Amino acid sequence: MTTQPPPYGNQPHPYGAPPGFGPPPPPSAFTSQPPQEAPGGPEFMAVDRHNSIVVDSAGVAFEDHGHSAEFPWHEIRSVHYKAGPNGKTLMMAVVHLDSRFYECVVDAKSRDTLGRWFAQLAPVLGYYRPLA
């Protein structure tokens, strides 16, 4: 008794894929792991070529020329921000519970961009650090 290959076995793949490639993996809905939910709450991010500031449910994170620092909300006494002298720079400081402070500066492409950052940043900080 001889076994016959399936009728499509020796034919080239219709999309030009190399032989031996199988069907695509099943959709993630069929995996045993539940999908990861995104943390709740608003987020803010300002980025330039070298630096970034992120404010989200985890806290505040700075990246300055490849060096990063993360500040969870329970370690933060206060967060301050202002425009830089040129009117196109976001300057932010995080004051730690032990009074140490950390700063990060992100350059906006324009004054309009900086204005949008301020408009986005105020409600995000207000959400996580409401006034008492």
Side-chain angles (χ1 to χ4, degrees):
M1 175 187 236
T2 61
T3 59
Q4 295 182 1
Y8 54 83
N10 293 330
Q11 297 176 2
H13 192 275
Y15 301 107
F21 277 59
S28 62
F30 298 109
T31 63
S32 61
Q33 297 177 352
Q36 298 293 323
E37 299 216 10
E43 298 177 345
F44 169 81
M45 181 170 30
V47 179
D48 68 16
R49 290 181 18 193
H50 302 288
N51 303 334
S52 67
I53 297 171
V54 175
V55 180
D56 60 17
S57 62
V60 178
F62 292 161
E63 184 166 335
D64 188 351
H65 290 82
H67 300 285
S68 60
E70 296 180 5
F71 309 98
W73 288 116
H74 69 273
E75 295 178 1
I76 296 174
R77 176 176 290 163
S78 60
V79 178
H80 307 274
Y81 64 95
K82 67 179 183 177
N86 66 2
K88 294 190 336 184
T89 303
L90 170 60
M91 302 172 70
M92 182 178 279
V94 170
V95 180
H96 206 264
L97 289 176
D98 63 5
S99 298
R100 290 179 293 163
F101 69 94
Y102 303 86
E103 297 177 315
C104 188
V105 176
V106 177
D107 294 324
K109 291 185 184 219
S110 67
R111 291 174 192 247
D112 290 339
T113 300
L114 184 63
R116 284 192 301 275
W117 284 353
F118 281 164
Q120 295 168 2
L121 182 56
V124 173
L125 285 174
Y127 180 87
Y128 296 113
R129 303 295 291 190
L131 298 174

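Quantities reported herein were computed from a predicted structural model and do not represent experimental measurements.
- Counting heavy atoms from C-beta outward, Tyr81 and Ile53 have side chains that stay 4.5 Å or more apart.
- Cys104 and Ser52 get closest at one heavy-atom pair: SG-O, 3.7 Å.
- Hydrophobic clustering (side-chain heavy atoms under 4.5 Å, transitive across Ile, Leu, Val, Met, Phe, Trp, Tyr) keeps Val79 apart from Val105.
- No side-chain heavy atom of His67 sits under 4.5 Å from any side-chain heavy atom of Phe62.
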Got a list of side-chain donor-acceptor pairs under 3.5 Å for residues 91-102, not counting sequence neighbours?
| residue | atom | partner | partner atom | Å |
| --- | --- | --- | --- | --- |
| His96 | ND1 | Asp98 | OD1 | 3.3 |
| Asp98 | OD1 | Arg100 | N | 3.2 |
| Asp98 | OD1 | Arg100 | NE | 3.1 |
| Asp98 | OD2 | Arg100 | NE | 2.8 |
| Asp98 | OD2 | Arg100 | NH2 | 3.0 |
| Ser99 | OG | Arg77 | NH1 | 3.0 |
| Arg100 | NH1 | Tyr102 | OH | 3.0 |

Worked verdict on Ile76 versus Val60 for side-chain contact (heavy atoms from CB on, under 4.5 Å)
CA-CA 9 Å; Ile76 296 174; Val60 178; 3.9 Å; yes

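- Once rounded to the nearest 0.5 Å, the distance linking CG of Leu90 with CG of Asp107 reads 9.5 Å.
- Residues meeting the side-chain hydrogen bond (donor to acceptor under 3.5 Å, both in side chains) test with His65, sequence neighbours left out: Asn51.
- The side-chain hydrogen bond (donor to acceptor under 3.5 Å, both in side chains) check on Ser68 picks up nothing, with sequence neighbours excluded.
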Can you give the donor-acceptor pairs under 3.5 Å from side chains of residues 114-121 to other protein atoms, not counting sequence neighbours?
| residue | atom | partner | partner atom | Å |
| --- | --- | --- | --- | --- |
| Arg116 | NH2 | Thr113 | OG1 | 3.2 |

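- Sorted by first then second residue, the salt bridge (charged side-chain N to carboxylate O under 4.0 Å, His left out) pairs that include residues 54-74, not counting sequence neighbours, number zero.
- Residues Val47, Val54 make up the rest of the hydrophobic cluster containing Met45, defined by ILVMFWY side-chain heavy atoms closer than 4.5 Å, directly or through other members.
- By the side-chain contact (heavy atoms from CB on, under 4.5 Å) test, Pro123 is found to be paired with no residue, residues two or more places apart in sequence or in another chain being considered.
- With sequence neighbours excluded, the residues satisfying side-chain hydrogen bond (donor to acceptor under 3.5 Å, both in side chains) with His80 are Ser78.
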